[in-house]
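Notes for the one structure printed next.
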Amino acid sequence: MQILNLTYLGKICPEISSGIVFVEEEWKVLCCCARKSKEIPESYSLKEAIYDLGVLGGTKGAPSDGMPGVRSIWQGLDVLYSLLAYRNYLV
């Protein structure tokens with residue numbers, strides 16, 4: 001996955017499903033870890049996924065911050081894939 005393409009796709013069409021970019025296991029782990037909740041929503045847009053990647057990547061998540069940048073998304077993806085690797089190691 002190209003991080004810059006993910007950033008631009010989130011700006012161009014943020015309301016599409018995150019299932020276009022992430023497989024089901026990835027977006028479920030992303031949602032649960034970033035929001036610190038066990039509840040999985042029925043629909044999860046790309047905009048929500050990018051915000052949650054930003055949270056995992058270290059952004060504050062204030063309403064005035066706007067969309068996370070490339071660096072925050074990159075760091076969030078690094079954390080997400082580390083979580084997925086650890087999860088697969090436990091199973």
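On a predicted model such as this, the values are computed, not experimentally measured, just so you know.
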Calculate, to the nearest 0.5 Å, the distance between atoms CG and CG belonging to L77 and L53 respectively.
5.0 Å
Measure the OG-NZ distance between S72 and K60 for me, rounded to the nearest 0.5 Å.
11.0 Å
If hydrophobic clusters are built from ILVMFWY residues whose side chains come within less than 4.5 Å, do [X] and [Y] share one?
| X | Y | value |
| --- | --- | --- |
| V23 | V79 | no |
| V21 | L83 | yes |
| L30 | L84 | yes |
| W27 | I73 | yes |

Which pairs would a plain distance check flag for residues 36-44, meaning a side-chain donor or acceptor within less than 3.5 Å of a matching protein atom at least two apart in sequence or in another chain?
{"from": "S37", "atom 1": "OG", "to": "E39", "atom 2": "N", "distance (Å)": "3.1"}
{"from": "Y44", "atom 1": "OH", "to": "D52", "atom 2": "OD2", "distance (Å)": "2.4"}

Quick check against the 3.5 Å criterion: does D65 have a side-chain atom that pairs as donor or acceptor with the backbone of A62?
yes
Looking at E48 and S45, would you say the former's side chain and the latter's main chain have a donor-acceptor pair under 3.5 Å?
yes
side-chain contact (heavy atoms from CB on, under 4.5 Å) assessment of L46 paired with I20:
CA-CA 8 Å; L46 186 60; I20 302 260; over 6 Å; no
Are the side chains of K28 and F22 in contact, using a 4.5 Å heavy-atom criterion?
no
Could you check whether any side-chain heavy atom of P68 comes within less than 4.5 Å of a side-chain heavy atom of I50, counting everything from C-beta outward?
yes
Distance-only donor-acceptor pairs under 3.5 Å for side chains of residues 6-14, two or more places apart:
{"from": "T7", "atom 1": "OG1", "to": "I3", "atom 2": "O", "distance (Å)": "2.9"}

